[in-house]
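So that the names make sense, note that chain A is the first sequence line, chain B the second, and so on, each numbered from 1.
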Amino acid sequence: MTKMIGKSVKRVEDKRFITGKGQYTDDIILPNMVYAHFVRSPYAHAKILSVDTAEALAHPGVIAVYTGADVAEVNGVPCGWQVNFKSGETMKEPKHPLLVVNKARHAGDAVAVVIAESKEAARDAVDLVEVDYEELDAVVDPKKAAEDGAPLVHEDAPNNICFDWELGNPKEEVDAAIAGSAHVTTLEFANQRVIPNAIEPRSYIGDYDVAHDKYTLYTSTQNPHLIRLLLCAFVLGIPEHKVRVVSKDVGGGFGSKIFHYAEEALVTWIAKELGRPVKWTADRSEAFLTDAHGRDHVTKAEMGFDEEGNITGLRIKTYAAMGGYLSTFAPAVPTYLHGTLLQGLYTTPKIHVDVVATFTHTCAVDAYRGAGRPEATYLLERMLDTAALEMGMDPAELRFKNFIPAFNGVDEEGYVTNVALQYDSGNYHPVLQRALEMVGYEDFRKEQAAARENGKLLGIGFSTYIEACGIAPSAVVGALGARAGLFEVSQVRVQPTGMVSVYTGAHSHGQGHETTFAQVVADKFGIPLEHVDIVHGDSDSVAFGMGTYGSRSLAVGGSALVKSIEKVIEKGTKIAAHVLEAAEDDLEFADGKWTVKGTDKSIGFGDVSLTAYVPHNYPAGLEPGLDFSSFYDPTNFTYPFGAHIAIVEVDKDTGKVSLKRFIAVDDVGNVINPMIVDGQIHGGVVQGVGQAMFEQAHYDEDGQLITGSYMDYAMPRADDIPMIETDRTTTPCPHNPLGVKGAGEAGAIGSTPAVVNAVMDALSPFGVKNLSMPLTSESVWRAMNS
Amino acid sequence: MIPAAFDYQKASSVEEAVGLLKEHGMDAKILAGGHSLIPAMKLRLNQPGILIDISGISELNGIKVDGNTLVIGANTTHGAIAKSAEVASSAPVLAATAGVIGDVQIRNKGTIGGSIAHADPAADWPAALIACNSSIEVMGSGGSRTIAAADFFVGIYETALEDGEVIVAIHVPKVPGTAGSAYEKFFQPASRFAIVGCAAVLEMKDNFCTSARVAFTGVADTAFLDEKVSAALENQTLDDATIKAASELAASDAEILGDHFASEEYRQHLAKVFAERAIRAAIANA
Ligand SMILES: Cc1cc2nc3c(=O)[nH]c(=O)nc-3n(C[C@H](O)[C@H](O)[C@H](O)COP(=O)(O)OP(=O)(O)OC[C@H]3O[C@@H](n4cnc5c(N)ncnc54)[C@H](O)[C@@H]3O)c2cc1C
């Protein structure tokens, strides 16, 4: 049997996607189904004086119109993570109602919902709902929101502050370290707000079966069981065993489909009210306005160095937007997913980070590919390149000098940071070394100098990142404020003929679980890939699960899978020993069969499976069947790392930036399917380049989203991106059975600062040190001409 | 994105289309490739009661040469123009322009008539058509007339078309063999329309320019012939200094647009850069 692990097996799921046979929620049509369309506030901040639904109700085909008053008794959607104020006071957690009652808090806030026999009738009737608004002043900037006198998003959150938070060494120690530094680099910048832009808009169907008193929610989510938990326990107060949540094919999430949205709860609630299935699918404008956004930090960072360029301290103050309401994991992003990563790959002895989370009159902000780690990496890597420039040092040398020395996490301890983490294993020199070789660093510097002579502006930018994946030990995240556990669940059901059905709580929405998980099973059992089927995304078939985000599926879900596989082999060994009339210790399991060591006596996986279900000749006292499930709660996060290098050219006349080369050397631990990892890196890099060069959720001062369509919101396109040159080193994760770390977000985390640093390098002859993202042609041109 | 309800009728001749427009008045809209109209309807910026589909009218489709004039039917797609041998030899700048509109799907569905009727200030066609001194043939219930391209574009989404008129064809005088022409475009990164598009048609005798037409799109409410730039090139030997000086005058009389991709100041600067690029490219292919 050829080994599957480590092979670029073509994706099993692609057959249905390429032939148009994927089944997304909007493809599902239930008998008797009705359609929802929302009335959304055109204002960022407005009092709702009255809502008149009479004309809409009279429209042909309209069945019902619900307003905030109708759902006032229903709970709002909850926040899943609690971060307290430094003072110990609980964070401000205003209700996030399913429909607003007397105030709209961002453009797109849902005021009413029309239910009709057809989508068209529902859409038409939305224009007939008369809402009388009194527009109020809005605030959209996370820092300005905290200023005295700023318009309040929630009356009970003074200065719009949701919480303030700090982490790291005592502030005085950090102040002293920086004060005593030979050089201090200071940067103030924004990590701008971006919109996730999953190609499939959010789509939900609520269904209620009165005969069985059972609800079904079809939803385009990354984590069906988590949605069921939040929906049942927090919003609707309905029993979980009476709720099925189905999330079949999902067309991208990037984080935005982790969260429990009000629309999901509403369609479920209305389905019972009306006794008919209710479908809602966001249109693209709604996706721009209401899918939780990402990033939106305003930061001041100071980094101290000694004469030799060793980092002496790092001090950070960040304002992070929460938006109009707290989305499911919003408080965790700027804190435990950002503050904790500020050690980076460096030996920085003193670190202090201070975060103020503010409400703004905007769409909620939550985890978006990388979630907090891109913000941390952007901060560190911009500081490093800027410091190198200021100190006249080479940016690669400065990194080598400050890297944490290698440790494998087995016979060398994991590295304990100043910001609450212990890295699992790391070897940082080789990734940067390899990236420098690939780029041809010395030659590039010569080419750059020659180009400058000819008036051409070339630049190179570095980014060496670490991130935390595989979220994570439940006890740890619980102590940090998570209101859920973060284990994963697997069930391996060996069928009588030796075919294997795997039920996983991880969820695939582009990642290729149906292939990689099957590769693991095929190898461990020594059976063909085609004998394995991976089932996910249905709470009635999969026992439980926490879903897919934070690059956790293989590290946590894959580990749960290995546990079940081991249980199957252990029981299979008992059965094989009985049939072969040998002692268990005398058997070895390899290549799909149990063999009595040193003999040619053996029994295959299929025969053992059959014996388990037809237990005629069977060990006494052993249960029939071959079906195990496991819960796996990791002992630590995993810590992938890597080095990214970008080369750009800036057009002197227009300021237009062209990305010429992109090199990504990543270490994601062991690799199950190199092609899929490459694909994840490619996609992540492009998304990160998008933030550096193109993307921005641009709210004007009144809180209007002026980049609310693809005519105005720029995304990277294929012709903006060069061939991405990838390579890998392998430093296995020491604490999970597959030695894997996670690859879903690495590209997006590492790439953004590499691009910005490259542009700054290209612009260095102009004395430009700091520009805000995205690096539009105009901002680059202005920088060259001021 | 769901448009408001509308009726639909397919016209089989220009006369029928004109008749239907007359019958339904303001409630009717012509449908050609649908690539501007349908997005606007989905956003409910446009809610016509009836669409009159002209895409099947064969007399509106196709490219022919009539003496010294290239005649492009209103329904001709951008893609067909980009690939046409007649266009390549008679007015190559139009082929160049067609090739940078949108992407393959847009070019294969969108039509030149639809584009100019829509009159998006950032559309590509207007600059090239003005630089080529084209005219627009239209038909209404009172008969047909032609309008110079330079007079056709009146404002943002506003043209000289009267109610009930249909664009039939675009007439383009053949660009003489001694002329050089080019269209240079600075792409808006989201929509890929023009932030600035500059078309230059220069008739040359060796290095001497006998006639110049330089036109812009994207810069102001409408595309326009830049008379200052054109005059600074005409009857001049086009050396480096002349080209630079002429380009410096770009859009100096225009009321320049500003948005979050390009402020007025930056757009004006880009107009100069793209004037120079278009002029140099035109000289290079003369
Ligand atoms: C994604 C995308 C990208 C694009 N990129 C570009 C770009 O880079 N550059 C660019 O210039 N354009 C671009 N366009 C616009 C594209 O060129 C459109 O096809 C064109 O503007 C309209 O042509 P149409 O045939 O589709 O017209 P339609 O959408 O059918 O009609 C447009 C308008 O013209 C009217 N109309 C159509 N034909 C006639 C006629 N014969 N007589 C009178 N009125 C008529 C209609 O009533 C309507 O008001 C893009 C469009 C899309 C969707």
Is there any N or O donor on one of chain A and chain B with an acceptor on the other under 3.5 Å, and could you list each such pair with its distance?
residue	atom	partner	partner atom	Å
A:Asp124	OD1	B:Arg44	NH1	2.8
A:Asp124	OD1	B:Arg44	NH2	2.7
A:Asp651	OD1	B:Arg277	NH2	3.4
A:Asp651	OD2	B:Arg277	NH2	2.9
A:Asp653	O	B:His269	NE2	2.6
A:Asp653	OD2	B:Arg277	NH2	3.3
A:Thr654	O	B:Tyr266	OH	2.5
A:Met711	O	B:Gln188	NE2	2.9
A:Asp712	O	B:His260	NE2	3.3
A:Arg717	NH2	B:Ala190	O	2.5
A:Asp719	OD1	B:Arg192	NH1	3.4
A:Asp719	OD1	B:Arg192	NH2	2.9
A:Asp719	OD2	B:Arg192	NH1	3.0
A:Asp720	OD2	B:Arg192	NH2	3.3
A:Glu778	OE1	B:Ser263	N	2.7
A:Glu778	OE2	B:Ser263	OG	2.5
A:Trp781	NE1	B:His269	NE2	2.9
A:Arg782	NH1	B:Glu265	OE1	3.0
A:Arg782	NH2	B:Ser263	OG	3.0
A:Arg782	NH2	B:Glu265	OE1	3.0

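Heavy-atom distances place both the backbone and the side chain of B:Phe261 under 4.5 Å from chain A. Contacts of B:Leu43 with chain A are made by side-chain atoms alone, with heavy-atom separations under 4.5 Å and no backbone atom involved. Proximity to chain A (any heavy atom under 4.5 Å) is restricted, for B:Leu270, to the side chain, taken from C-beta onward.
When each of A:Ala282, A:Pro201, A:Gly655, A:Ala714 is scored by its heavy-atom pairs under 4.5 Å with chain B, the top score falls to A:Ala714.
Partners of B:Phe187 by ring-ring contact (aromatic ring centres under 6.0 Å, His included), not counting sequence neighbours: none found.
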